[in-house]
**Student:** 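Mind looking over this structure? Questions follow.
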Amino acid sequence: MSQQQLSAGVCARLSEAAPDEVDGLGAGYTVQLLSIKKVNQTTSAAPAIDRYRIIFSDGVHFVQAMLATQLNDLVSRGEIIKNSIVVIDKLTCNFVQDKKLLIILDLQVVSKEEEKIGNPVSAPSSSILPPDTATETPEASTSTASRPVVSRPAAARPAASGGEGRSIYPIEGLSPYQNNWTVKARVTHKADIRTWSNQRGEGKLFNVTLMDETGEIRATGFNAAVDELYDKLEEGKVYYISRGRVNLAKKKFSNVQNDYEMTLERNTVIEECVDTTNLPTIKYNFISLASMENLQKDATCDVIGIIKEVGPLGEVVSKATNKSVAKRDLTIVDKSLYSVRMTIWGRQAETFTADDLPVVAFKGVKVGDFGGRSLSMLSSSYMSISPDIEEAHLLRGWYDGFGTDKTFQSQSNTMLPGGSSFSGFNRNEMRHLSDVKESQLGMSDKTDIFSTRATVMHIKGENIAYPACPTQGCSKKVTDIGDGWRCEKCDKTYERPEYRYVMSMAVADWSGQLWLQGFNDAGLAVFGKTADEIMEIKERNESDYNALMAHSAGKTFNFSCRAKQDTYNDQTRLRYGVSKMSSVDYYEEAKGLRDLIKESSWAR
DNA sequence: CCCCCCCC
């Protein structure tokens, strides 16, 4: 790299430009980063997002700018370091204490490791730099305890010019000290209206997440603001918003990346933006599913993958609140040949459909450590099915071209003690039945999990199904009350029940045999018929039923099981439950063996 | 002014 390749003159131009001219100067400047420094945040007691101050040079002059926080990964991953050459693709300007502050919104790395080019000096106007650093040269700025830049009390002044002649403020620059702002933001999440009731009173509220190119912020409307504004905002749309209140965020309650949050008030002005140019879009920092194991539990991350499996709709009852919520597990895979379980909740779980293995992008999903690594949507997370972004198209192309053929290593079943697996059947972690007994799985207080391949030898025929509540997600046993079937849980009476399987199966492999308890999914796998159909056969013709039971033996399945002790009538016994059961797919097995051979060192 | 983000 030479001085000629840098965009000489740009630092002087940026430095001298009036604030509302900065955006108009365009972008695409090639510059050298002379310094990258973390700025200490002293205004917020809660842990803050890192902010980086950059000094960049065009070879002649240097200026100072802030790095938009969504680019922080470039620093933390070491993709930009001192002296890296970058192209600044997008730049804006903000006002702090009447000083112009440049914010780098997007950049591309041209070359990471470089020598310093030329001998640049501070750009002519000092108005870009805060007074305490205006005369510093990059080499001399050794102070690590820099003053906070963005969140100081400051005169409110609009930063950049919007399309319709209004002044648009970047979300990253919002603080309690600015008041005359308008943001142009996309609603990336809109929650349902919630009500609360506690000692201090009761009321209703809703949350939205607002996002522009510079950042995101959570906004909440209470009571009257709910009536006034809830219907005005639609997820996915872009709005001009002004006259909201900005306060310090209580970080422990939100995963939205902002030190502040916004309260929408009755007089908050919200106007839909219909101008289709330059709308804010979601910014992702995708990580590969392979690299998930490096993340801590409860961290959030962005991932993109193919939806390989859509689990059935389930229900969990929260231990904390005793409330029931719908959930659904998805399995996503990516180019790193890893798969991971992704749990979605509530209405999203109920309405989720995905026919043809779509690409789905997730932003801000929570990392769990159950059975290895798993992911879960939060209310602040964002999911986009078949997003029109480059990464999605690349993944689509790769998967359709090569991916369908691959086997994926699950993040959600590694690292369990004893090397067992979670819900997915894992060929590498399989146990023989004798091994299950000998290693005393399920004998400790917790549930142990294992995979096995075994053949069904016998199914206890007398009681293979029970009359269940037909309400989706209930499945509780109902009782015949003469003129109908009563579900205590739903407090309803139904004309007829929906039978569901509950079976004891003896299964065997070369090493031994075991009794497994299976539920509805297991019955469907064994019989290929619903329990209703089976019960109908049983009622119509007992010998047909007996023949069916006899024929059910002899088939071989892959099982995912849980071993657990339970106590019933003062008797403690070890029970093995089937969590997943599927016919052996010999084509899949052969592919798995082939991949094993490919992976083994002697074959390389 | 809410504040739960769940379960195996």
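Chain identifiers are assigned alphabetically (A, B, ...) following the order of the sequence lines, protein sequences preceding nucleic acid strands; residue numbering begins at 1 within each chain.
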**Student:** Rounded to whole angstroms, how far apart are CG on Leu313(A) and P on dC7(B)?
**Tutor:** 17 Å
**Student:** For Arg328(A) and dC8(B), give me the distance from atom CZ to atom C1', rounded to whole Å.
**Tutor:** 17 Å
**Student:** Stacking check: are the rings of Phe253(A) and dC2(B) less than 5.5 Å apart at their centres and under 30 degrees in tilt?
**Tutor:** no
**Student:** Scan residues 516-526 of chain A against DNA chain B and write down, sorted by residue number, each residue with any heavy atom closer than 4.0 Å; if none is found, say none.
**Tutor:** none
**Student:** Between dC2(B) and Trp196(A), is there a base-stacking contact, meaning the centre of the base's six-membered ring lies under 5.5 Å from the residue's ring centre while the planes stay under 30° apart?
**Tutor:** no
**Student:** Of the candidate nucleotides dC2(B), dC5(B), dC1(B), which contains the atom at the shortest distance from the side chain of Lys366(A)?
**Tutor:** dC5(B)
**Student:** Would one find more than 12 heavy atoms of other residues, nucleotides or ligands at under 6.0 Å from atom NZ of Lys283(A)?
**Tutor:** yes
**Student:** If you draw a 6.0 Å radius around NZ in Lys308(A), do more than 12 non-hydrogen atoms from other residues or ligands fall strictly inside?
**Tutor:** yes
**Student:** Would you tabulate the side-chain donor-acceptor contacts of residues 220-229 of chain A under 3.5 Å, counting partners in other chains and residues two or more places apart, or write 'none'?
**Tutor:**
residue, atom, partner, partner atom, Å
Thr220(A), OG1, Asn207(A), OD1, 2.6
Asn223(A), OD1, Lys204(A), N, 2.8
Asp227(A), OD1, Lys204(A), NZ, 2.7

**Student:** Sequence neighbours excluded, which residues qualify as side chain to side chain contact (heavy atoms under 4.5 Å, CB included) partners of Glu488(A)?
**Tutor:** Arg486(A)
**Student:** Output the rounded distance in Å from CG (Asp192(A)) to P (dC2(B)).
**Tutor:** 19 Å
**Student:** Nearest of dC6(B), dC1(B), dC2(B) to any side-chain atom of Leu205(A)?
**Tutor:** dC2(B)
**Student:** Nearest whole Å is fine: how far is dC7(B) C1' from Lys564(A) NZ?
**Tutor:** 12 Å
**Student:** Sequence neighbours excluded, which residues qualify as side chain to side chain contact (heavy atoms under 4.5 Å, CB included) partners of Asp585(A)?
**Tutor:** Tyr587(A), Glu588(A)
**Student:** Should the side chain of Glu261(A) and the base of dC3(B) be counted as holding a donor-acceptor pair, with the cut-off at 3.5 Å?
**Tutor:** yes
**Student:** What about Thr321(A), does its side chain sit under 3.5 Å from the base of dC4(B) through a donor-acceptor pair?
**Tutor:** no
**Student:** Without decimals, in angstroms, what is the distance between Met377(A) CE and dC6(B) C1'?
**Tutor:** 14 Å
**Student:** Between atom CG in Leu248(A) and atom C1' in dC3(B), what is the gap in whole Å?
**Tutor:** 15 Å
**Student:** Quickly work out the Leu264(A) CG to dC1(B) P distance and round it to whole Å.
**Tutor:** 14 Å
**Student:** Are OP1 or OP2 of dC8(B) and a side-chain N or O of Arg341(A) less than 4.0 angstrom apart?
**Tutor:** no
**Student:** Which listed nucleotide (dC8(B), dC1(B), dC6(B)) is nearest to the side chain of Phe222(A)?
**Tutor:** dC1(B)
**Student:** Whether Lys252(A) contacts dC2(B) is assessed here as follows: a side-chain N or O lying under 4.0 Å from the phosphate OP1 or OP2. Is that the case?
**Tutor:** no
**Student:** Using residues 262-269 of chain A as the side-chain source, report each donor-acceptor pair under 3.5 Å to any protein atom, sequence neighbours left out, with the distance given to one decimal.
**Tutor:**
residue, atom, partner, partner atom, Å
Thr263(A), OG1, Asn247(A), OD1, 3.3
Glu265(A), OE2, Arg245(A), NE, 2.8
Glu265(A), OE2, Arg245(A), NH2, 3.4
Thr268(A), OG1, Arg243(A), O, 3.0
Thr268(A), OG1, Glu265(A), N, 2.7
Thr268(A), OG1, Glu265(A), O, 3.2

**Student:** Taking any heavy-atom pair under 4.0 Å as a contact, classify Arg218(A): base, sugar-phosphate, or nothing.
**Tutor:** base
**Student:** Rounding to a whole Å, what distance do you find between Phe362(A):CZ and dC5(B):C1'?
**Tutor:** 16 Å
**Student:** Going by side-chain hydrogen bond (donor to acceptor under 3.5 Å, both in side chains), name the residues that satisfy it together with Thr188(A), two or more places apart in sequence or in a different chain.
**Tutor:** none
**Student:** Which part of the nucleic acid, if any, lies within reach of Asn255(A) when heavy atoms closer than 4.0 Å are counted: base, sugar-phosphate only, or nothing?
**Tutor:** nothing
**Student:** Distance check: side-chain N/O of Lys319(A) vs OP1/OP2 of dC4(B), anything under 4.0 Å?
**Tutor:** no
**Student:** Report yes or no: is the cationic atom of Lys529(A) (NZ for Lys, CZ for Arg) closer than 6.0 Å to the six-membered ring centre of Tyr501(A), at no more than 45° off its axis?
**Tutor:** no
**Student:** Side chain of Asn207(A): nearest nucleotide among dC8(B), dC2(B), dC7(B)?
**Tutor:** dC2(B)
